[in-house]
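Counting begins at 1 with the first residue of the sequence. Just so we're clear, the structure is a prediction, and the values are computed from it rather than from any experiment. Counting starts at 1 for both ligands and their atoms, in listed order.
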Amino acid sequence: MKKPWSGRFKKNTAKVAEQYTQSISYDIRLYKHDIAGSIAHAKMLAREKIISPKDSTLIIKGLKEIQKEIENGKFKFSHELEDIHMNIESALISKIGESGAKLHTARSRNDQITLDMRLYLREELNEILKLLRNLQSVIMTIVEKHIDSIMPGYTHTQRAQPVLLSHHLLAYISMFDRDYERFKESLKRINILPLGSCALAGTSLPINRHYVAELLGFEQVSINSMDSVSDRDFIIEFLSNSSILIMHLSRIAEELVLWSTSEFSFIEISDAFTTGSSIMPQKKNPDIAELIRAKTGRIYGNLIALLTIMKALPLTYNRDMQEDKEPLFDTVDTIKMTLSVMIDMLPEVKFNTKHMAENSEGGFSTATDTAEYLVKKGLPFRKAHEVIGKLVSYCISKDKSLSGLSIKEFKKFSTLFDNDIYDYIKANDSVKNRKSYGSASIEAVKKQISIFKQLLNSIPTQKNI
Ligand code: ARG
């Protein structure tokens, strides 16, 4: 098959070189975006009288037919034609002849590929934004169901203070909200038209880039042609935002793994989202949550891969940049699948709220509240901390809990203790007594619910091609 660039070559490309350089096996997924970009380009060329209206009409008709052939599985892709751009352009020329040969006027594959990637990522990002909002809503349903369920809160994976299950889960809603914001904010750096930068320097032909931007729904036109064809920041930014998101997902996945152990027994994940062991008949394993946890590996890997590919590349386009595709595609697929799995799995988790509440009593988890009790009676916090430290040590030596102490015993440690201390030492009291904004108290949780519910109603409106 004749290559569009074969003019100055005397020898055919080695087969192994063709295999090594081809990207069609994976950039095939850009066909729709490539065609949409070409249609807009052809319209502009005709509008600016660079090609005739007849040529433009034939090109657009031909491209639409090619799109159908690809979608019906009738299109013959060839590795010899390297990539999606040349496969489509060659097919167009075979179909409509001379007019097809005019499509690549004032355009290069260098600006074409980054256009395709921007269109693709813009579209996928909208899907990811919707999935993120969906995940937050699923968590919100659990939050509202368990608004007043008490559980132990941890630091260093050691019991720290009683919290609310709703508050714990709202922490994830917050994380996913920042992820949402980061992705949304990045759209403005993706939604920029690079086409018309040509190979690297622009063109002497009177093209109209702003018109193409309008046709394709881009908010801006890139302002430097050399930057346009060399920039892959928008992909790196996506991989970086995805790395933060998958890190958040791995944390919730890890809690599902931990909480489903018989040691914790805080939750039970339904049979639909667990697997068995081939040797131990009693086992029910949280493999799905484990795999979510593990997906961080490939997403971080993809980020590091592209950062490494781009490092120290001289301007402008270099073929190295073709290696941006697989990390991007893999990240998009992994993130979408992981979000979908989490969305389906979370409603299938049963919370053993009674057991969680019981566990929040032990481990002197209200020691801080007890210290704050003394602060309210006028003792400086550092002193109160010491008094309670001694009290805890006393309890440990006597094998007692705080609520098991008599008022006489309390008074031995500080005369500020009164009978009302018994309103401060149950996990329930601790949650009830909290006052601060954003705290693990029912009032603060209600406030968070109302804030996030408002945000959850905002969904992206970006138009796709
Ligand atoms: N397949 C190429 C890529 O993904 C398209 C651009 C090729 N440009 C070139 N000058 N060889 O980067």
Side-chain angles (χ1 to χ4, degrees), residues 1-9 11-38 40-41 63 66 70 75 77-93 103-124 190 192-203 222 225-236 238-239 302 305-333:
M1 201 164 292
K2 192 168 166 296
K3 294 187 171 41
W5 43 254
S6 61
R8 59 104 71 209
F9 287 79
K11 250 175 135 176
N12 286 338
T13 322
K15 274 282 154 247
V16 65
E18 249 166 19
Q19 280 311 314
Y20 199 65
T21 50
Q22 68 81 26
S23 55
I24 188 62
S25 57
Y26 47 85
D27 65 18
I28 193 169
R29 76 159 86 183
L30 299 173
Y31 79 90
K32 228 174 36 171
H33 314 92
D34 198 71
I35 289 174
S38 291
H41 186 63
L63 287 170
I66 290 171
I70 296 176
F75 191 88
F77 287 102
S78 131
H79 281 200
E80 289 162 50
L81 290 168
E82 286 182 35
D83 53 29
I84 189 67
H85 324 300
M86 295 210 303
N87 269 274
I88 291 177
E89 195 194 340
S90 287
L92 183 71
I93 296 172
L103 173 63
H104 213 54
T105 312
R107 180 176 87 168
S108 144
R109 279 186 295 154
N110 299 351
D111 54 350
Q112 196 178 350
I113 185 58
T114 176
L115 169 71
D116 293 3
M117 298 286 270
R118 284 172 187 275
L119 288 171
Y120 164 79
L121 189 52
R122 184 175 83 179
E123 189 174 304
E124 293 295 354
I190 295 168
I192 299 173
L193 175 88
L195 201 70
S197 301
C198 305
L200 75 161
T203 173
S222 66
S225 64
M226 293 178 79
D227 178 39
S228 286
V229 294
S230 352
D231 169 28
R232 294 295 180 271
D233 305 7
F234 67 101
I235 302 177
I236 294 175
F238 172 76
L239 298 179
N302 290 339
L306 193 55
L307 281 170
T308 312
I309 291 161
M310 295 305 294
K311 176 191 172 283
L313 272 190
L315 300 187
T316 54
Y317 178 82
N318 298 275
R319 191 62 175 264
D320 310 49
M321 286 148 80
Q322 176 167 295
E323 288 285 309
D324 62 355
K325 275 162 215 62
E326 287 165 296
L328 172 63
F329 296 161
D330 182 62
T331 302
V332 166
D333 294 345

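A salt bridge links R319 with E82; the closest basic N to acidic carboxylate O contact falls under 4.0 Å.
Considering only non-hydrogen atoms, atom 5 (C) of ligand 1 lies nearest to D83 out of I24, D83, T21.
Heavy-atom contacts from other residues, nucleotides or ligands closer than 6.0 Å to CD of E323 number 12 or fewer.
When each atom of ligand 1 is checked for a heavy atom of K325 under 4.0 Å away, the hits are 3 (C), 4 (O), 12 (O). Proximity to R109 (heavy-atom distance under 4.0 Å) selects the following atoms of ligand 1: 6 (C), 7 (C), 8 (N), 9 (C), 11 (N). Of all atoms in ligand 1, listed by their number and element, those nearer than 4.0 Å to a heavy atom of S23 are 1 (N). The atoms of ligand 1 that sit less than 4.0 Å from any heavy atom of H85 are 5 (C).
Residue contacts with ligand 1 leave out Q112, since none of its heavy atoms falls under 4.0 Å from the ligand. A heavy-atom separation below 4.0 Å is not found between E82 and ligand 1.
No donor-acceptor distance shorter than 3.5 angstrom exists from the side chain of Q112 to the backbone of R107, with no hydrogens or angles considered. Within the 3.5 Å criterion, the main-chain N or O of S78 finds a donor-acceptor partner in the side chain of N87.
With respect to atom 8 (N) of ligand 1, the closest heavy atom belonging to the protein is N110 OD1, 3.0 Å. Closest protein heavy atom to atom 7 (C) of ligand 1: Y317 OH, 3.5 Å. The protein atom (non-hydrogen) at minimum distance from atom 1 (N) of ligand 1 is Q322 OE1, 2.8 Å.
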List the steps, then state whether salt bridge (Lys or Arg N to Asp or Glu O under 4.0 Å) holds for R29 with D333. CA-CA 12 Å; R29 76 159 86 183; D333 294 345; 2.7 Å; yes

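In this structure, I235 CD1 and Y120 OH are separated by 10.0 Å, a value rounded to the nearest 0.5 Å.
The only member of L193, L195, D231 that meets side chain to side chain contact (heavy atoms under 4.5 Å, CB included) when paired with R118 is D231.
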